[in-house]
*Asks:* 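Okay, handing you the structure first.
All values derive from a computational prediction rather than experimental measurement. Below, chains carry the letters A, B, ... as their sequence lines are ordered, and counting in each starts from 1.
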Protein chains: 2
Amino acid sequence: MRADAQRNRDRIVEVARAVFRQKGYDAPLDEIAREAGVGPGTLYRHFPTKDALIDAVMQAWVDSVETATDKALAHEGSARDLLLNWFETYVGVISAHKGGPAKLTTAIGVQDSPIRSKCAVLVSANERVLAQLAEQGALKPDVDAVQVARLVGGVATVADQSELAPDVVRPMLEVVADGVLA
Amino acid sequence: MRADAQRNRDRIVEVARAVFRQKGYDAPLDEIAREAGVGPGTLYRHFPTKDALIDAVMQAWVDSVETATDKALAHEGSARDLLLNWFETYVGVISAHKGGPAKLTTAIGVQDSPIRSKCAVLVSANERVLAQLAEQGALKPDVDAVQVARLVGGVATVADQSELAPDVVRPMLEVVADGVLA
DNA sequence: ACCTGAACACCGTTCAAGT
DNA sequence: ACCTGAACACCGTTCAAGT
């Protein structure tokens, strides 16, 4: 790839991340192109659809999911505390950008989603946490990671779109936690 | 209101209901206007925004919520059975049109929503069910109708947008039920 | 009063023309 | 090979002109 093309690509992703953080995934692409100093055609040369750009912006974010999971797994306290702490972490992670919870949660289990790989990361993060709890026999049988990702993702989606305060979200997560714990 | 205006209004709502049922709330208004045999301006004369039209379509539906609630309250069996049966009814009711779960659940507790009155109906339906269960001491303290409407609505939203099969949704509703029962 | 349909605003996406 | 920006498609909404 030519040096100027590489630079343009990098700038687009960088600007997109900032704009998405501020305005969510609804932000117009024109604005991103303008702030990155390129024409809309250039943006589309690098990212054939808006979802492709969103996917690129999410790329770096994958690492943050892994480290957040590690931290949650090291949490001391009861199984319930660990799980609740994980749920709050999970909601925080997928809510980094407005519109993120819906986009990510809805794509779980969908075969041809452009952000399929990001969903896999989320599901496997939940798998790790659930596996640890299952080991202690703290979990109900039949709960699986996809299900939990959808449940907590559903809560995050509602919270994101209704702009709910954390102290309203928290008790909802407690309900889900109590529902999956033995 | 002039007779022809009344007839146009009625036809618009009737066509809108059919189109929304078939294609969800994403359906273009042009199509509704065309099928109703009016110009787009006429549609907007009767309904100043798309949400106003959606609200009108939902109007009749309010009654169906009440009767569905009555039926669920008469359900025989354990508290858990009654609650699960209600949850499935509730999901069915708000999922009548694609996009409905998100629109309704997201609007709960939002002050200036155009479908505020519809949300009130949903919350009070949940209140009735929860009140009956609370009477038997079957509920955890601190669970309230808004919370449950958001939790089950969140599940319905994910199910609607990912087009989940009922046998995938059911266990998610069980988790929520177990989380609110004492 | 009410209706029509062309027109506007907005935004994702494409493409002919340039370097 | 890559870039630009005008243009297109789509859809919610408005408005001047008609009856």
*Asks:* For a quick test of reading the model: is some side-chain N or O of A:H46 closer than 4.0 Å to OP1 or OP2 of D:dC2?
*Replies:* no
*Asks:* Indicate yes or no: at least one non-hydrogen side-chain atom of B:L104 is less than 4.5 angstrom from one of B:M58.
*Replies:* yes
*Asks:* Quick one: does any side-chain atom of A:Q147 pair with a main-chain N or O of B:P171 as donor and acceptor, under 3.5 Å?
*Replies:* no
*Asks:* Reading DNA chain D 5' to 3', what string of ( ), [ ], | and . shows its pairs, if Watson-Crick and G-U wobble pairs count only when both distances fall under 3.5 Å?
*Replies:* ||.|||||...|||||.||
*Asks:* Nearest-Å distance, CG (B:L43) to P (C:dC2)?
*Replies:* 15 Å
*Asks:* Taking the side chain as C-beta and beyond, is there a heavy-atom pair between A:L82 and A:Q132 under 4.5 Å?
*Replies:* yes
*Asks:* Using every non-hydrogen atom in the two residues, find where B:W61 and B:V93 come nearest and quote the distance to one decimal.
*Replies:* NE1-O, 3.2 Å
*Asks:* Counting C-beta onward and ignoring hydrogens, is there a side-chain heavy-atom pair between A:R150 and B:V168 closer than 4.5 Å?
*Replies:* yes
*Asks:* In whole angstroms, how far is the C1' atom of D:dT13 from the CG atom of B:D51?
*Replies:* 13 Å
*Asks:* Please step through side chain to side chain contact (heavy atoms under 4.5 Å, CB included) for the pair B:D81 and B:E76, ending with a clear verdict.
*Replies:* CA-CA 8 Å; B:D81 279 350; B:E76 307 190 5; over 6 Å; no
*Asks:* Angle class for the B:H97/B:F20 ring planes (parallel below 30°, perpendicular above 60°, tilted otherwise)?
*Replies:* tilted
*Asks:* Identify the pairs formed between an N or O of the protein and an N or O of nucleotides 5-11 of chain C at a distance under 3.5 Å, and give each distance.
*Replies:*
from	atom 1	to	atom 2	distance (Å)
C:dG5	O6	B:G41	N	3.3

*Asks:* Rounded to whole angstrom units, what separation is found between the CZ atom of B:R45 and the C1' atom of C:dC3?
*Replies:* 8 Å
*Asks:* Using a cut-off of less than 4.0 Å, is there contact between a side-chain N or O of A:Y44 and OP1 or OP2 of C:dT13?
*Replies:* yes
*Asks:* Go through residues 5-23 of chain B and report each residue with a non-hydrogen atom lying under 4.0 Å from DNA chain C, sorted by number.
*Replies:* B:A5, B:N8
*Asks:* With a 4.5 Å cut-off on side-chain heavy-atom distances among I, L, V, M, F, W and Y, is there a chain of contacts connecting B:I94 to B:V62?
*Replies:* yes
*Asks:* Could you check how far CZ of B:R2 sits from P of C:dC3, rounded to whole Å?
*Replies:* 7 Å
*Asks:* Would you call B:E163 and B:K98 a side-chain contact if the rule is heavy atoms closer than 4.5 Å?
*Replies:* yes
*Asks:* Are there more than 12 heavy atoms of other residues, nucleotides or ligands under 6.0 Å from atom NZ of B:K71?
*Replies:* no
*Asks:* Evaluate the side-chain proximity of B:R9 to B:F47: yes if any heavy-atom separation is below 4.5 Å, no if none is.
*Replies:* yes
